[in-house]
Amino acid sequence: MQRILCIVCLTLLLAGCGKKGPLIPPEALAPAAVSDLKLAQKGEFFQLSWSRPAKEEGGGPLRDLAGFRIFKREVLPPAEDCEACPDAYRLLKAVDLDYLQEVRRSGALFFFNDNDVRLGKTYQYKAVAVKKDDTPSRESNRVRRTKVEPPLPPVLQAASTPTGINLEFVAIPFPEGGAIQGYNIYRWRAGEAVPINPLNDRPVTGNTFEDLRLARGTVYTYAVRTVTSVAGESVESVPSNEVSGALTNPD
């Protein structure tokens with residue numbers, strides 16, 4: 001009987017000695033941090049942009065991302081500023097990927113506009129990615145900038161031809177301390193939202209632009225923003241007046 005019990009115990013011990021995988025620390029399952037948070041001034045508001053992490057902190061694919069938390073603080077004068085203080089940042093926006101609300105998406109990027117910024121004040125932002133089980137990532141890179149007086153938009157005119165739409169923008173003097181970089185052109189069709197990104201890859205430096213990438217029978221609407229450089233940072237104006245046009249019939 002004792003021999004049988006020994007054999008049974010030995011069998012159980014051997015069964016429990018199977019090969020196990022390496023232990024995975026919990027932090028390796030957290031989302032990787034957002035690494036490309038950016039900040040731009042568009043007229044009177046600040047626009048934040050970022051992309052979603054594709055991997056977990058340990059390198060595995062990230063499949064259950066729930067959204068993001070965007071935090072903001074006002075940067076105070078050096079004698080008063082304390083970024084490490086517990087109440088320095090406040091939650092600006094909780095982003096739910098299933099219900100973006102004020103957040104817009106363009107390609108791989110997310111965009112959020114912060115309208116609560118005051119002239120001459122400096123603001124700093126950071127972001128945290130969050131999984132569906134509420135596991136947060138490390139904090140993103142931080143971005144900051146000071147709100148400045150934006151340039152004035154140009155006066156926009158459009159003329160349609162059989163081959164394109166010619167835009168002409170009349171510049172209005174920009175604030176002192178700024179250097180004009182050019183113009184950003186935004187184009188959309190009826191029923192579409194005004195696009196986040198301009199039609200041009202870089203600011204148009206002249207006062208005219210001919211749009212040739214058009215479909216016949218479609219009406220296009222345009223607006224233009226002046227782009228200036230203030231203290232080494234690009235700043236866009238509010239949008240110009242809107243104009244519309246369509247390809248005309250050839251003679």
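By convention here, the first residue in the shown sequence is residue 1.
A donor-acceptor contact closer than 3.5 angstrom links the side chains of Ser244 and Thr221. In this structure, a donor-acceptor pair under 3.5 Å is present between the side chains of Gln181 and Ser234.
Every residue two or more places apart in sequence or in another chain was checked for a side-chain contact (heavy atoms from CB on, under 4.5 Å) with Thr205, and none qualifies. Residues forming a side-chain contact (heavy atoms from CB on, under 4.5 Å) with Pro78 (at least two apart in sequence, or on another chain): none. Residues satisfying the side-chain contact (heavy atoms from CB on, under 4.5 Å) test with Ser137, not counting sequence neighbours, are Pro31, Val128, Ala129. With sequence neighbours excluded, no residue satisfies ring pair (Phe, Tyr, Trp, His ring centres under 6.0 Å) with Tyr222. Judged as a salt bridge (Lys or Arg N to Asp or Glu O under 4.0 Å), and not counting sequence neighbours, Arg63 has no contacts. By the ring pair (Phe, Tyr, Trp, His ring centres under 6.0 Å) test, Tyr183 is found to be paired with Phe169, residues two or more places apart in sequence or in another chain being considered. For Phe46, there are no ring pair (Phe, Tyr, Trp, His ring centres under 6.0 Å) partners at least two apart in sequence or on another chain.
Heavy atoms only, all atoms of each residue included: Pro203 and Gly182 are closest at CB-CA, 3.9 Å. The heavy-atom pair separating Ala127 from Ile70 by the smallest distance is CB-CD1, 3.6 Å.
Atom CD1 of Ile196 sits about 4.0 Å away from atom CZ of Arg104, to the nearest 0.5 Å. The CD1 atom of Ile165 lies 5.0 Å from the CG atom of Leu214; values are rounded to the nearest 0.5 Å. Note that CG of Asn166 is 8.0 Å distant from CG of Leu212, once rounded to the nearest 0.5 Å. Considering OG1 of Thr122 and CZ of Arg73, their distance stands at 9.5 Å, rounded to 0.5 Å. Rounding to the nearest 0.5 Å gives a distance of 10.0 Å between CD of Glu74 and CD of Glu80. Distance check, rounded to the nearest 0.5 Å: NZ of Lys93 to CG of Leu100 gives 9.0 Å.
A side-chain donor-acceptor contact under 3.5 Å links Asn141 to the backbone of Leu37. Of the possible polar contacts, none joining the Ser106 side chain to the Leu109 backbone as a donor-acceptor pair under 3.5 Å is found. In this structure a side-chain-to-backbone donor-acceptor pair under 3.5 Å is present from Lys147 to Val117.
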Check your understanding: Could you go step by step and tell me if Val170 and Asn207 meet the side-chain contact (heavy atoms from CB on, under 4.5 Å) rule?
Key -> CA-CA 7 Å; Val170 180; Asn207 291 91; over 6 Å; no
Could you check Gln124 against Arg142 for side chain to side chain donor-acceptor pair (under 3.5 Å), going step by step and ending with a plain yes or no? CA-CA 7 Å; Gln124 187 170 22; Arg142 287 160 171 75; 5.4 Å; no
*asked:* Would Glu56 and Lys131 count as a side-chain contact (heavy atoms from CB on, under 4.5 Å) here? Give the steps.
replied: CA-CA 10 Å; Glu56 295 176 331; Lys131 293 177 76 171; 3.0 Å; yes
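Phe111 is not connected to Tyr186 by any chain of hydrophobic side-chain contacts under 4.5 Å among Ile, Leu, Val, Met, Phe, Trp and Tyr, and they are in different clusters. Residues Phe209 and Leu156 fall within the same hydrophobic cluster, defined by Ile, Leu, Val, Met, Phe, Trp and Tyr side chains chained together at heavy-atom separations under 4.5 Å. Val238 and Val148 are not part of a single hydrophobic cluster, where members link through side-chain heavy atoms under 4.5 Å apart. The hydrophobic clustering, which links ILVMFWY residues whose side-chain heavy atoms are closer than 4.5 Å, places Val75 and Leu39 apart. Cluster annotation: Tyr125 is connected to Val103 through the hydrophobic network of ILVMFWY side chains, with a link wherever side-chain heavy atoms come within less than 4.5 Å.
Pairs engaging residues 49-166 under the disulfide (SG to SG under 2.5 Å) rule: Cys82-Cys85 [sequence neighbours left out]. Applying the ring pair (Phe, Tyr, Trp, His ring centres under 6.0 Å) definition to pairs two or more places apart or across chains, those involving residues 64-109 are Trp50-Phe68, Phe68-Phe110. Residues in residues 203-218 take part in these salt bridge (charged side-chain N to carboxylate O under 4.0 Å, His left out) pairs, two or more places apart or across chains: Arg187-Asp211. Residue pairs meeting the salt bridge (charged side-chain N to carboxylate O under 4.0 Å, His left out) criterion with at least one partner in residues 220-235, sequence neighbours excluded, are Arg145-Glu233, Arg225-Glu236. Within the structure, disulfide (SG to SG under 2.5 Å) contacts touching residues 222-251 (residues at least two apart or in different chains) do not occur.
We find that Asp64 and Lys132 are not joined by a salt bridge, their nearest charged nitrogen and carboxylate oxygen being 4.0 Å or further apart. Arg52 and Asp36 are not joined by a salt bridge, as no carboxylate oxygen comes within less than 4.0 angstrom of a charged side-chain nitrogen. In this structure, Asp134 pairs ionically with Arg69, as a charged nitrogen and a carboxylate oxygen lie closer than 4.0 Å.
When side chains are defined from C-beta on, Phe112 does not count as touching Val95, because their heavy atoms never get closer than 4.5 Å. By the 4.5 Å heavy-atom criterion applied to side chains, Thr226 and Ile180 are counted as neighbours. Counting heavy atoms from C-beta outward, Leu119 and Glu149 have side chains that approach closer than 4.5 Å. Looking at Leu152 and Ser237, their side chains never come closer than 4.5 Å, going by heavy atoms from C-beta outward. Two residues are said to be in side-chain contact when any heavy atoms from C-beta on lie closer than 4.5 Å; Leu167 and Ile185 meet this criterion. Residues Val204 and Val227 form no side-chain contact, since every pair of their non-hydrogen atoms from C-beta on lies 4.5 Å or further apart.
A cation-pi contact links Lys72 to Tyr123, judged by a cut-off of 6.0 Å to the six-membered ring centre and 45° from its axis.
Around the CG atom of Asp201, the shell of radius 6.0 Å holds no more than 12 heavy atoms that belong to other residues, nucleotides or ligands.
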